[in-house]
Amino acid sequence: MSLGNSKNQLASYLAYSTIGFTIAPIILLLLGVNFGSQTHLANFNNQATADSANLLEALAGAFVHLLPEWSSVTIAAVTAVLAFAQYRITKNAATAIIGVALLCTGGIDAFHALAATKLTHSVNDNSNFIPFTWAFSRMFNALILLAGVSVFIFGMHKKLDRAAQDRFVIFTSLIFLIISYTVVQFCAVSTNLPNTQFPDQWITRPYDVIPLILFIVLGLWAFPRFRRTENNIFSYALLWSMVPAVATQLHMAFGSTELYDPHFNIGHYLKTISYIVPFVGITIDYFITYKEQKTKLTELKKAHHQLEIQNKELSQIAYITSHDLQEPLRSLMSMCDIFEQEYKGKLEPEAEQLLDYIMQASQRMSLLVRDIMDYNRLGKDQVLSTIDCHQLLNAIQQDLSIQIKENSAVIETTDIPLQVKGYKTELRLLFQNLIGNAIKFKRPDTPPHIVIECTQTAKHWQFSIKDNGIGLASKHYQKIFLMFQRLHKKDAYEGTGIGLAHCKKIVNMHGGEIWVDSEIGEGATFYFTIPK
């Protein structure tokens, strides 16, 4: 069975289960099951016995009230943890924001439950406090979910890079937490909470109509649009969690007439279901994402292994081909030498010119083959070591001393780091190619002036090699780093056109980048980065 079909099946099971758990209490209530936790007390002659019975009654009601409340709080907290675990994997900010919204609503419910059972302080008695804070927490629940979803419906999170998205999630989470703390503080210190229960009215708890309307808006408008932007099991679960949420408010607004009556307890049960559904959704999403990531990682390892095999094969083919080409080329050049010595002065001028062309072409072909072999060998024996940049540049200047002297070149170095981590042979070739090019592509009658500098960022050393040479047009910025790409005629500048391809491969080996900035006649500056 494919992963897509599995997701569809799980989504269907989630929807059917949610509907079943929502309508089950109503069916049982119609069949005569009493969900109330209040009992009518007989007349007790002994006041102590009556007080004891009242105490047991209160404890029974509080226990039934506390059990679903703390279940909801625990589920909300675990959902938030899973949401952030999911965010670390997928970097989907929507999951994290909604998780924090659920956590905040769970926090309000925790205060509601604690204060109702007198485990924390509130200045009002339960007859006003429990109904009001219930309605208030449900209203807060709906509003904070609506706020969290609206962020993504209206695209407020778009065009954010990874760091900005992390800051966005943290900032939004802090705002939600501050709001929830303010609500708790308000409910705890308010001395005159309004009466929210009207047993003789058609709407027994009018305050609960407001969250009812908000949950309907979430279910019919907000979450369907959110699902179109975030098509996953979690968004589907959020949508279906509105079914028990709306049913909860219907029981409270039109059924409950006193604390711990059947509709009151059914409402708390359904509220717990409205928390469980997103929890189940995020759990399923987490394991699906984990499975997908594991599958992708396995496929990536397999593809990497196949690529390594192919690279080795191509490397061997390139080496064998270039090695075997050298032999006939050497033979050809040797025969040309013998032929020239044997018949020097005896050939027609045209024949001698043709022989000279053959010699030049053979030598150029030999250089190309050698450069291919050198390119192929780059990175074969990678040994990462600490390199003294000053010693490296001094050694390169000694190697290029003849070119530097013949062209009266001046080389300056500024802010070069004492040490970097890299591959010594390859880095030496990198600097040598770039400095050699800066000398080679000089302007006529203008001595080369080369400035080598280095700046640093948090993660990289950024080197620059600036010259005052002939420069190049911006349309050639990418072309010059390809193999055998020359911008000038062969007789104008020597070389095979592979030096900058070497440079690019070396920089890539180090995990850096290389680029150029130049204008014709204004020199060129080559930049490359080496990770620290």
Side-chain angles (χ1 to χ4, degrees), residues 8-40 57 60-76 79 105 109 112-113 130-131 134-135 137-138 141-142 196-220 223-224 233 236-281 283-284:
N8 292 333
Q9 276 198 356
L10 289 169
S12 299
Y13 292 151
L14 187 64
Y16 295 145
S17 301
T18 303
I19 294 172
F21 281 112
T22 302
I23 64 175
I26 302 172
I27 296 172
L28 292 172
L29 190 65
L30 293 174
L31 292 174
V33 177
N34 181 19
F35 288 94
S37 51
Q38 287 268 40
T39 57
H40 296 286
E57 179 184 316
F63 177 77
V64 173
H65 175 249
L66 188 63
L67 186 63
E69 287 289 357
W70 275 107
S71 299
S72 302
V73 172
T74 304
I75 293 166
T79 303
T105 60
D109 288 334
H112 166 77
I130 292 178
W134 165 273
S137 67
R138 299 304 287 161
N141 186 329
T196 61
Q197 294 187 114
F198 300 90
D200 298 327
Q201 303 297 321
W202 180 60
I203 303 177
T204 57
R205 294 172 62 152
Y207 280 70
D208 280 284
V209 174
I210 299 172
L212 171 63
I213 294 171
L214 290 172
F215 283 125
I216 291 173
V217 171
L218 279 167
L220 296 180
F223 281 133
I233 299 291
Y236 189 77
L238 284 170
L239 175 61
W240 279 100
S241 71
M242 292 301 100
V243 172
V246 169
T248 297
Q249 295 310 116
L250 288 172
H251 279 282
M252 288 300 202
F254 300 99
S256 179
T257 58
E258 60 180 342
L259 298 183
Y260 314 130
D261 67 7
H263 289 286
F264 181 94
N265 288 338
I266 289 173
H268 282 72
Y269 156 78
L270 290 175
K271 187 188 77 168
T272 304
I273 299 299
S274 71
Y275 277 99
I276 290 174
V277 175
F279 167 72
V280 172
T283 303
I284 293 171

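Positions are given from 1, in the same order as the sequence printed here.
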A.B. asks: So which heavy atom on P278 is nearest to which on S274, and how close?
C.D. replies: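 Smallest heavy-atom distance, with atoms named: CD-O, 2.9 Å.
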A.B. asks: Got a second to check how far F35's CZ is from H251's NE2, nearest 0.5 Å?
C.D. replies: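 The distance works out to 9.0 Å.
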A.B. asks: From L218 CG over to M242 CE, what is the distance, rounded to the nearest 0.5 angstrom?
C.D. replies: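 Those atoms lie 5.5 Å apart.
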A.B. asks: Work out which heavy atom in T22 is nearest to a heavy atom in A247; give both atom names and the distance.
C.D. replies: CG2-CB, 3.6 Å
A.B. asks: Quick check for you: to the nearest 0.5 Å, what is the distance between S12 atom OG and Y236 atom OH?
C.D. replies: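 One gets 5.5 Å once the value is rounded to the nearest 0.5 Å.
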A.B. asks: Do other residues, nucleotides or ligands put more than 12 heavy atoms under 6.0 Å from Y13 OH?
C.D. replies: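 Open.
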A.B. asks: Does S241 reach the main-chain N or O of V277 with its side chain, forming a donor-acceptor pair under 3.5 Å?
C.D. replies: no
A.B. asks: Does some side-chain heavy atom of P206 sit less than 4.5 Å from a side-chain heavy atom of F198?
C.D. replies: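 With C-beta onward as the side chain, the pair touches.
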A.B. asks: Would you give the length of the straight line joining atom CG of L239 to atom CG of L14, rounded to the nearest 0.5 angstrom?
C.D. replies: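 Spacing of CG (L239) from CG (L14) equals 10.0 Å.
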A.B. asks: Going by ring-ring contact (aromatic ring centres under 6.0 Å, His included), name the residues that satisfy it together with Y16, two or more places apart in sequence or in a different chain.
C.D. replies: none
A.B. asks: One pair to check against side chain to side chain contact (heavy atoms under 4.5 Å, CB included): T74 and Y275. What are the steps and the verdict?
C.D. replies: CA-CA 9 Å; T74 304; Y275 277 99; over 6 Å; no
A.B. asks: Could you measure the distance from the OG1 atom of T283 to the CD1 atom of I276? Nearest 0.5 Å is fine.
C.D. replies: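 T283 OG1 to I276 CD1: 11.0 Å, rounded to 0.5 Å.
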A.B. asks: At their closest point, which heavy atom of T257 faces which heavy atom of P199, and how far apart are they?
C.D. replies: O-CG, 3.5 Å
A.B. asks: What are the two closest heavy atoms between A15 and W240, and how far apart are they?
C.D. replies: CB-CE2, 3.5 Å
A.B. asks: Write down the atom of P262, the atom of L29, and the distance for their closest heavy-atom approach.
C.D. replies: CB-CD1, 4.0 Å
A.B. asks: With a cut-off of 6.0 Å (strictly less than), are more than 12 heavy atoms of other residues, nucleotides or ligands near CZ of F21?
C.D. replies: no
A.B. asks: Should the pair F264 and H268 be assigned to parallel (<30°), tilted (30 to 60°) or perpendicular (>60°) ring geometry?
C.D. replies: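 Taking H268 first and then F264, their aromatic rings sit tilted (interplane angle of 30° to 60°).
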A.B. asks: Nearest 0.5 angstrom please: D261 CG to N34 CG, how far?
C.D. replies: 9.5 Å
A.B. asks: May I ask you to decide if R205's main-chain N or O and T196's side chain share a donor-acceptor pair within less than 3.5 Å?
C.D. replies: no
A.B. asks: Which pair of heavy atoms, one from M252 and one from H263, lies closest together, and at what distance?
C.D. replies: SD-O, 4.4 Å
A.B. asks: I203 vs F254, test: side chain to side chain contact (heavy atoms under 4.5 Å, CB included). Steps then yes/no.
C.D. replies: CA-CA 5 Å; I203 303 177; F254 300 99; 3.7 Å; yes
A.B. asks: Can you list every salt bridge (Lys or Arg N to Asp or Glu O under 4.0 Å) pair that touches residues 239-252, not counting sequence neighbours?
C.D. replies: none
